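First comes the structure, then the notes that go with it.
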Number of protein chains: 2
Amino acid sequence: MSVSDKTTASAPDGRPARFVPADHSRVEFSGGFWQSWTETVRSVTIPSQHDRLEEEGFLEVLDFGKPPGPLARPIQPSGLSMQHFFDSDFGKWIEAASYTLKAHPDVEIEAKIEAIVEKLEQGQMADGYLNSWFIRREPEKRWTNLRDLHEMYSMGHLLEGAVAYFEATGKRRFLDVMIRAVDHIIDTFGPEPGKLRGYDAHEEIELALVKLYRVTRDPRHLDLAVYFVDERGAMPSYYDEEARKRGENPDDYVYQTYAYSQAHIPVREQTQVVGHAVRAMYLFSAMADLAHENNDPALFAICDRLFDNLTSRQLYVTGGLGPSASNEGFTREYDLPNETAYAETCAAVALGFWGHRMAQIDLDRRFTDSLETVLFNGALSGISRDGQHYFYENVLESHGQNRRWKWHYCPCCPTNIARFITSLGQYFYSARAGELAVHLYGANTAELSVGNAFVRLTQETRYPWDGDIGLRLGLENATPLTVKLRIPGWCLDATIAVNGEPVDLRACVTKGYAYIAREWRDGDEIRLSFDMPVQRLYAHPAASEDSGRVALRRGPVVYCVEETDIGGEPQRLRLPADAVIGTRFDAELLGGAMVLEGEALEADASDWSDSLYRTSPPALVPKPFKAIPYHLWANREPGAMLVWLQEN
Amino acid sequence: MSVSDKTTASAPDGRPARFVPADHSRVEFSGGFWQSWTETVRSVTIPSQHDRLEEEGFLEVLDFGKPPGPLARPIQPSGLSMQHFFDSDFGKWIEAASYTLKAHPDVEIEAKIEAIVEKLEQGQMADGYLNSWFIRREPEKRWTNLRDLHEMYSMGHLLEGAVAYFEATGKRRFLDVMIRAVDHIIDTFGPEPGKLRGYDAHEEIELALVKLYRVTRDPRHLDLAVYFVDERGAMPSYYDEEARKRGENPDDYVYQTYAYSQAHIPVREQTQVVGHAVRAMYLFSAMADLAHENNDPALFAICDRLFDNLTSRQLYVTGGLGPSASNEGFTREYDLPNETAYAETCAAVALGFWGHRMAQIDLDRRFTDSLETVLFNGALSGISRDGQHYFYENVLESHGQNRRWKWHYCPCCPTNIARFITSLGQYFYSARAGELAVHLYGANTAELSVGNAFVRLTQETRYPWDGDIGLRLGLENATPLTVKLRIPGWCLDATIAVNGEPVDLRACVTKGYAYIAREWRDGDEIRLSFDMPVQRLYAHPAASEDSGRVALRRGPVVYCVEETDIGGEPQRLRLPADAVIGTRFDAELLGGAMVLEGEALEADASDWSDSLYRTSPPALVPKPFKAIPYHLWANREPGAMLVWLQEN
């Protein structure tokens with residue numbers, strides 16, 4: 001498979017082909033912001049995550065020949081042990097690792113993947129069933145509790161891993177194992193008489209099936225995804241029936257509402273993003289895929305409406321989402337607590353997946369703005385600068401108690417951020433016949449197939465530290481093409497020039513993308529200049545946790561103040577509305593970053609007696625402050641942190 | 001026993017006798033603020049709590065003749081089940097109920113107490129041991145885990161109940177049962193060879209033993225309390241040794257540090273209030289008692305230092321204490337989060353106990369100010385206006401999720417607030433020969449013994465709704481007395497007149513008490529006038545959760561804004577520094593209360609598009625607001641609540 005295969009595969013009914021993302025293995029981040037991140041994830045994160053999987057006994061679950069060992073994680077009130085879905089973790093690790101293999105072959109990594117695949121193949125049941133928990137521990141209980149036990153979620157991640165590994169290496173063994181597993185699911189579930197009308201409460205397999213379909217072009221693979229999406233939320237609920245079969249009272253469901261799994265009403269009737277955030281993002285990603293594959297504008301409109309609900313009512317300024325720990329998800333609109341923000345790394349990554357998919361169907365910067373926001377903020381904050389420590393929860397305020405984990409009790413996030421970064425190139429560009437879309441900015445060199453044309457694109461920029469970007473096109477022949485350049489939503493003043501000639505943006509911008517149609521020649525240069533002042537952001541008044549507060553953003557990067565930089569809690573600062581905020585590139589800060597500096601005010605404690613409360617307000621005295629990119633926080637001495645500063 | 005017995009019992013070595021609190025049964029709250037509260041607690045709370053104890057199976061643990069039923073509460077990671085200390089709950093209920101019996105005899109209540117006492121007597125082991133959990137479930141494990149299982153905590157509460165019941169009725173049976181239990185403890189624990197050198201990690205029995213001693217005057221009872229206090233924190237720790245005996249590794253202690261139980265260093269070396277808040281308050285109450293009984297000024301100085309640490313660094317403006325749920329207690333100085341405030345009702349009640357005891361030894365309003373603060377705020381908030389619903393945690397901010405409980409999973413708080421209110425009269429007055437101290441204000445009629453004199457004191461006032469108080473003394477004969485009147489710390493402008501003659505307060509105030517020495521005659525009138533404006537309170541800058549915020553207090557009453565009164569979240573309000581705040585008595589509000597009213601500002605949402613964030617600040621528009629006493633919150637429609645308002 002190659003990008004050109006995909007871009008020429010336009011739909012037989014004549015509808016516009018979706019944009020097809022670039023082959024990430026052909027986008028090289030040499031120099032610029034992403035170089036060290038992508039290198040660190042490839043050379044440190046990927047190997048160290050395998051070490052963690054071994055140390056923590058995740059891979060032992062594949063020792064099918066041996067009796068199962070003691071439970072690595074206790075059973076929760078829901079009936080779920082984290083060990084139920086260990087398969088998903090190494091599945092996701094295989095996916096992340098596979099993305100590195102094409103551009104950076106690595107026999108050791110490949111051998112580690114092969115070792116896992118070998119065990120999976122050995123353990124797979126004769127009928128194709130494949131889930132290590134049920135095969136080894138409770139074979140009689142397979143397919144008896146889709147509501148709680150993540151059975152297909154795990155298989156979905158193995159399937160994504162298998163597709164990625166096949167695409168990286170051309171080796172079919174893992175893919176064939178997973179096709180047999182999918183065949184088994186097709187035999188078991190569906191609307192046909194004699195099959196179970198179930199669907200997994202933790203969505204994931206739906207989008208994995210679309211990935212599989214794009215490799216196999218087997219319509220049964222796509223149909224299964226369609227069935228899962230359309231059956232979801234049908235009443236009476238499958239989960240009620242299933243609970244009764246287990247002898248349980250459905251009313252005893254620990255999460256009380258199937259909204260937890262977006263299964264409270266049919267997905268086509270949903271207008272508000274609810275429930276578990278990661279589940280929702282995976283579901284909506286699959287829905288976007290199916291909207292395209294099946295030419296289903298009604299389904300796309302539902303996705304669009306939900307995307308709007310999320311971004312206009314329920315999204316942290318960092319791109320974090322799902323404020324509550326109790327359901328790992330959404331509560332009510334405008335509920336965005338900062339210190340207790342759950343904002344799981346996985347959810348931010350998955351919003352990136354969703355926004356990215358939406359943009360391939362409808363080239364609207366709303367979608368890629370969200371992708372860029374999570375990329376530079378709420379997702380990237382989930383991994384440390386050393387590539388070996390993680391946040392599961394991405395709070396926007398801390399009093400100093402938050403620490404990054406070497407490995408999480410429920411380690412879904414580390415491999416998720418890893419697969420995001422190792423496949424980063426695909427998010428930068430996409431193409432369809434005659435059109436090349438540039439979604440993201442950051443230094444790289446890319447080899448892109450656009451219809452029958454081949455474009456070597458070089459992006460030179462310090463972005464996101466400044467807004468000047470040079471794009472140089474390398475072409476064998478003069479080629480008519482429409483280049484579609486995203487003008488980020490954060491940018492209020494952009495200019496674009498081609499070979500030094502200004503482009504009239506008033507005439508050529510559609511949904512935030514500048515369309516430049518011309519015959520391009522080798523060496524043509526596009527210069528983009530995005531004005532990038534420090535911006536003060538204010539939240540909608542209904543988001544009362546941010547009332548009276550201001551967040552600082554420069555370009556796509558949201559900033560925070562850390563205690564270590566100011567020698568005190570940033571919660572004590574008040575930023576005057578007219579305070580001048582300067583910028584400085586701090587080469588010493590964690591590999592180098594643009595920092596913000598200025599003078600705020602702080603309540604003066606020097607004239608307080610020992611009393612805790614008094615009737616006169618404290619005097620405010622000047623206090624210099626420094627703000628760093630939010631994604632870099634918690635990489636130095638532990639301390640308090642704040643995104644939303646009090647404005648005075 | 002009578003108050004006069006106690007007041008004449010001055011120490012043989014000539015040190016000043018402590019003040020002895022009034023007999024609460026001789027203080028009648030007829031009319032005024034406390035009438036309805038005391039009546040509700042007596043007529044509704046006490047009977048309904050017995051109903052809860054029955055419904056929830058607490059009393060079944062006393063069915064010693066039957067095999068134990070299923071566990072009512074699961075075992076926690078610490079090894080503790082809440083059922084381990086069910087004895088403490090009915091012990092505390094007996095205490096609370098007993099306080100009502102003298103002034104309001106009630107054969108039904110008395111019969112219910114007798115039924116419990118009968119079972120306790122039957123169940124008591126031959127050697128005096130008495131703890132329903134261990135007797136029925138694990139007799140072989142008694143006295144093997146003082147660190148985790150609340151064994152003496154439960155006995156201490158039974159002992160307090162027995163003393164209260166004896167004092168109310170003169171019936172000795174329960175007292176004798178508990179004296180036998182104490183004898184058993186004396187036989188088991190102590191510094192003598194052959195005894196265990198242990199002490200309970202949950203302090204309680206220490207103060208109960210002092211109460212017992214004050215009835216029995218048996219020095220062994222006092223000595224046991226002294227032993228427990230002085231042994232506490234001795235190293236190597238008894239808890240380490242005890243854990244090893246159980247075959248456990250002391251390092252596996254679930255709370256990690258014995259500071260959790262104030263047992264990390266000897267109590268006489270402690271300078272900061274740490275650990276579980278209720279435990280700390282019970283311990284310090286006992287230490288204050290012992291400082292007096294043993295004429296131990298060094299011990300008193302330690303209490304004083306700890307009191308200062310608490311009130312100047314670790315106390316919510318409501319008198320709540322112990323910010324963290326994880327240890328039910330203290331964290332670091334100035335850590336006072338509002339929305340996640342644990343601030344257990346029991347801890348506030350117990351701070352009242354401690355402050356009260358301190359003031360009897362050193363008549364300093366610092367101590368009674370804290371008592372008054374919890375009484376009108378952080379303790380009273382723990383019980384609903386209907387007397388049947390409770391808060392365990394007393395947050396200072398809510399987004400609407402907080403609800404009062406009919407009964408708590410761990411119902412220590414309901415009976416604690418009940419015993420506080422049913423014995424309220426004792427906190428108002430105390431006396432020693434020739435001196436009568438008035439600590440609290442609120443309409444009541446009291447019969448007080450002061451040395452050999454008998455004073456009938458009538459307090460007429462609408463306090464805390466206004467600051468005018470009339471005290472009339474009823475005396476058989478002209479009597480020389482020093483009346484010591486607390487001038488509350490919140491009051492910045494007080495006047496006092498005797499029979500219309502102004503008292504020169506500059507000349508007669510010591511530690512916040514005005515000393516008026518004269519020969520008093522029947523009908524003499526003292527008029528106090530405490531200026532009671534609405535005050536804006538500011539927190540020390542290090543208490544960063546309150547940065548930029550203001551709390552409203554009027555007299556001793558702290559206010560809050562509830563969503564139901566303003567039709568929106570109070571978190572959205574900003575109170576201008578110069579806003580005029582008026583007062584109005586709202587007779588319709590939950591039995592009548594003074595409310596505060598004014599105009600604040602609110603961010604205007606009307607000009608916002610659907611965007612969640614924008615670069616221009618919202619306009620501020622006027623918004624009328626109403627604030628109600630904090631202790632009345634969560635008695636109407638659920639909604640958001642805020643004590644610390646943003647000041648603009």
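Chain A is the first sequence line, chain B the second, and so forth, proteins listed ahead of strands; every chain is numbered from 1. Quick caveat, the model's predicted, so the values are computed rather than measured.
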Verdict with supporting geometry, A:L537 and A:V317, side chain to side chain contact (heavy atoms under 4.5 Å, CB included) = CA-CA 9 Å; A:L537 295 184; A:V317 71; 3.5 Å; yes

ask   = Any idea which of B:Q571, B:Q535, B:Q646, B:R536 has the most non-hydrogen atom pairs under 4.5 angstrom with chain A?
value = B:Q646

A:W490 versus A:E372, side-chain donor and acceptor atoms under 3.5 Å = yes

note = Result for ring pair (Phe, Tyr, Trp, His ring centres under 6.0 Å) between B:Y613 and one of A:W644, A:Y538, A:Y316 points to A:W644

message = Please identify, among B:S609, B:S616, B:A551, the residue contributing the most non-hydrogen atom pairs under 4.5 Å to chain A.
response = B:S616

note = When the 4.5 angstrom heavy-atom criterion is applied to A:T615 and chain B, the contacting part is both

query = Going by heavy atoms in the side chains, are B:F625 and B:E602 under 4.5 Å from each other?
reply = no

inquiry  = Whether B:R553 engages the ring of B:Y559 as a cation-pi pair (distance to the six-membered ring centre under 6.0 angstrom, angle to the ring normal within 45°) should be assessed.
reply    = no

Engaged part of A:R574 at the chain B interface, taking heavy atoms whose separation is under 4.5 Å = side chain

message = Heavy-atom cut-off 4.5 Å, strictly under: side chain, backbone, both or neither for B:D335 against chain A?
response = neither

remark   = In terms of heavy-atom pairs under 4.5 Å with chain A, the winner among B:G548, B:P617, B:P618 is B:P617

ask   = Relative to chain A, which of B:E647, B:R572, B:H399 shows the most heavy atom pairs under 4.5 Å?
value = B:R572

ask   = Which atoms of A:L620 come close to chain B, meaning under 4.5 Å heavy atom to heavy atom: side chain ones, backbone ones, both, or neither?
value = neither

ask   = Does any non-hydrogen side-chain atom of A:R366 lie less than 4.5 Å from one of A:D308?
value = yes

Heavy-atom proximity to chain B below 4.5 Å, by part of A:E339 = side chain

Residues A:Y334 and A:Q314: side-chain donor-acceptor under 3.5 angstrom = no

task = Mind ranking A:G568, A:A539, A:A603 by heavy-atom pairs under 4.5 Å with chain B and telling me who comes out on top?
result = A:A539

